[in-house]
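One is the number of the first residue; the rest follow in order along the sequence. For clarity, every value in this text was computed on a predicted model and none was experimentally measured.
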Amino acid sequence: IIDARYNVEPSPRTVTIVPGPYLGREIIGKYLLGFDIIRVEAKERIDFEVRDTVKKTVSRLIGLEIVEEDYSKIVMQCLLEPAAFPPDKALQREHSIASGMHRDAVTALVEGDTHLAKNVVARDIEVNRFYFLLVRVLRTIIQNPGLSEKLGILPIDCLDYRLTASLVEAIGDQSVRLAEAAVEIKGAKIAKELSQSLLRLHKVAFDTHENALKAMFTRDISLAEALRNERKTVEDLVNQIEVSVHKNYSEIAPQMLAAATAIRQIFGHGVDIADLVMPKAQ
């Protein structure tokens, strides 16, 4: 089958939105669908609240800029070429931020560093920005066979990238839960025994999602399969933490149990990423 448009540069896709109660969500939706120009047009003057919503939404989306604005319309354009930001680069950057959040959230918890914990929470928006960018690029690739060939990514690979990006974004969310627990205990110092258990649990979870991404990019089946073997270690550590918390730390028990659960969830997301690893094509 020959596509007559194969080598033709696609024309910019434009969409118009009428301001409404879900304007921010609509802008994000059009961005994720690959629209190049997004116009917000009102029959009368656009009020301050609408303009503020547009500007806050634009700040959450990589490459989207306001290029025109007057009393009744705001025009946004995505200035980022999909070919300039391959999915693997976007995914690596998203994971790098989420990974740093995980590490710093645990440090903030065991050291009672409230400032670092709040910094982790603030970084979550960057993970979301790269997640949205990756979804946009993947959808563009699926719709454009020429771009798929240029980037060396099969349309079927886009599904694995999309699932992995979602799991990495979830690691960022769980890291926020960890950081929020650190904020809630207000700098309270944790006894050495409990902090060591938390750090051991953290190391297993951290190494799991780091190696899962490595296995995905290198298609290392043996590395991916080995990550499953840590499940019992994680469950034993979580049980150990729960027993210790119930016996000795009643005042901060909810936060410590929430932290242990969040780290266990991060480990689970790492294993889920590893499950997506496919063998190299022969």
Side-chain angles (χ1 to χ4, degrees), residues 91-128 130-131 164 166-215 226-274:
L91 181 57
Q92 286 173 343
R93 182 57 183 149
E94 181 196 11
H95 179 257
S96 175
I97 299 169
S99 181
M101 289 171 63
H102 177 197
R103 180 188 60 243
D104 290 348
V106 172
T107 300
L109 185 69
V110 299
E111 295 183 2
D113 191 335
T114 304
H115 177 75
L116 180 59
K118 290 178 178 178
N119 179 269
V120 170
V121 175
R123 270 182 269 168
D124 190 46
I125 192 171
E126 288 301 311
V127 175
N128 294 337
F130 277 95
Y131 173 65
T164 303
S166 180
L167 291 165
V168 171
E169 197 266 343
I171 289 172
D173 289 343
Q174 294 299 329
S175 298
V176 168
R177 286 186 63 196
L178 270 168
E180 288 172 343
V183 172
E184 288 172 10
I185 65 175
K186 300 177 180 178
K189 294 295 181 182
I190 301 172
K192 185 176 181 181
E193 179 185 352
L194 178 57
S195 65
Q196 287 179 339
S197 295
L198 285 167
L199 288 171
R200 285 198 295 272
L201 179 61
H202 156 69
K203 186 177 188 311
V204 176
F206 186 86
D207 289 347
T208 296
H209 64 75
E210 288 283 321
N211 286 325
L213 258 290
K214 180 180 178 181
L227 300 177
R228 289 173 166 276
N229 299 331
E230 297 291 351
R231 284 188 185 277
K232 187 176 186 308
T233 301
V234 167
E235 292 304 321
D236 288 345
L237 284 169
V238 170
N239 290 335
Q240 181 180 322
I241 290 169
E242 289 176 347
V243 170
S244 178
V245 166
H246 285 306
K247 280 186 177 180
N248 308 306
Y249 305 96
S250 58
E251 291 184 0
I252 58 173
Q255 292 81 10
M256 293 299 99
L257 295 176
T261 300
I263 299 174
R264 179 167 56 187
Q265 291 285 350
I266 289 172
F267 168 78
H269 296 323
V271 172
D272 288 342
I273 292 171

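Ion pairing of Asp173 with Arg177 is absent here, as no side-chain N (NZ or NE/NH1/NH2) approaches a carboxylate O to less than 4.0 Å. Remark: Arg264 engages Glu235 in a salt bridge, criterion side-chain N to carboxylate O under 4.0 Å.
Leu227 contributes atom CG, which lies 11.5 Å from atom CG of Asp272 (distance to the nearest 0.5 angstrom). To the nearest 0.5 Å, atoms CZ (Phe130) and CD1 (Ile125) are separated by 12.0 Å. Taking CZ of Phe206 as the start and CD1 of Ile263 as the end, the distance is 12.0 Å to the nearest 0.5 Å. Atoms OG and NE2, on Ser166 and His269 in that order, are 8.5 Å from each other to the nearest 0.5 Å. Taking OG1 from Thr208 and CD from Glu230, the interatomic distance works out to 6.0 Å, rounded to the nearest 0.5 Å. Here the CG atom belonging to Leu198 is positioned 6.0 Å from the CG atom belonging to Leu109, to the nearest 0.5 angstrom.
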Discussion item. Show, in sequence, the C-alpha distance, side-chain angles and deciding distance for Glu180 and Val183, and conclude whether the side-chain contact (heavy atoms from CB on, under 4.5 Å) test is met.
Written reply: CA-CA 5 Å; Glu180 288 172 343; Val183 172; 5.5 Å; no
Please lay out, stage by stage, how Ile97 and Met101 fare under the test side-chain contact (heavy atoms from CB on, under 4.5 Å).
CA-CA 6 Å; Ile97 299 169; Met101 289 171 63; 4.2 Å; yes
Note to self: One pair to check against side-chain contact (heavy atoms from CB on, under 4.5 Å): Val110 and Gln196. What are the steps and the verdict?
What the structure shows: CA-CA 9 Å; Val110 299; Gln196 287 179 339; over 6 Å; no
How far apart are the C-alpha atoms of Ile273 and Val168, what are their side-chain angles, what is the distance that settles it, and do they pass the side-chain contact (heavy atoms from CB on, under 4.5 Å) test? CA-CA 8 Å; Ile273 292 171; Val168 171; 4.1 Å; yes
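In plain terms, the two heavy atoms of Ala98 and Gly172 that are nearest each other are CB-N, 4.1 Å. Scanning both residues, Ser175 and Val120, for their nearest heavy atoms gives O-CG1, 4.0 Å. Among all heavy-atom pairs drawn from Ala212 and Ala274, the shortest one is CB-N, 3.9 Å. Between Ala108 and Ala117 the shortest heavy-atom distance is CB-N, 3.7 Å. Minimum heavy-atom separation, Gln255 to Glu251: OE1-O, 4.1 Å.
His209 and His102 have tilted rings, their planes meeting at an angle from 30° to 60° on a 0 to 90° scale.
Using a distance-only test at 3.5 Å, with no hydrogens or angles considered, no donor-acceptor pair links the side chain of Ser244 to the main chain of Gln240. Judged purely by atom type and a 3.5 angstrom limit, Thr107 uses its side chain to pair as donor or acceptor with the backbone of Arg103.
Side-chain contact between Arg231 and Val234 is absent, with no heavy atoms from C-beta onward closer than 4.5 Å. Residues Leu237 and Thr233 form a side-chain contact, since some pair of their non-hydrogen atoms from C-beta on lies under 4.5 Å apart. Arg123 has its side chain within reach of Asp104: a pair of non-hydrogen atoms, C-beta onward, lies under 4.5 Å apart.
For the residue pair Ser99/Glu210, the side-chain donor-acceptor check at 3.5 Å is satisfied.
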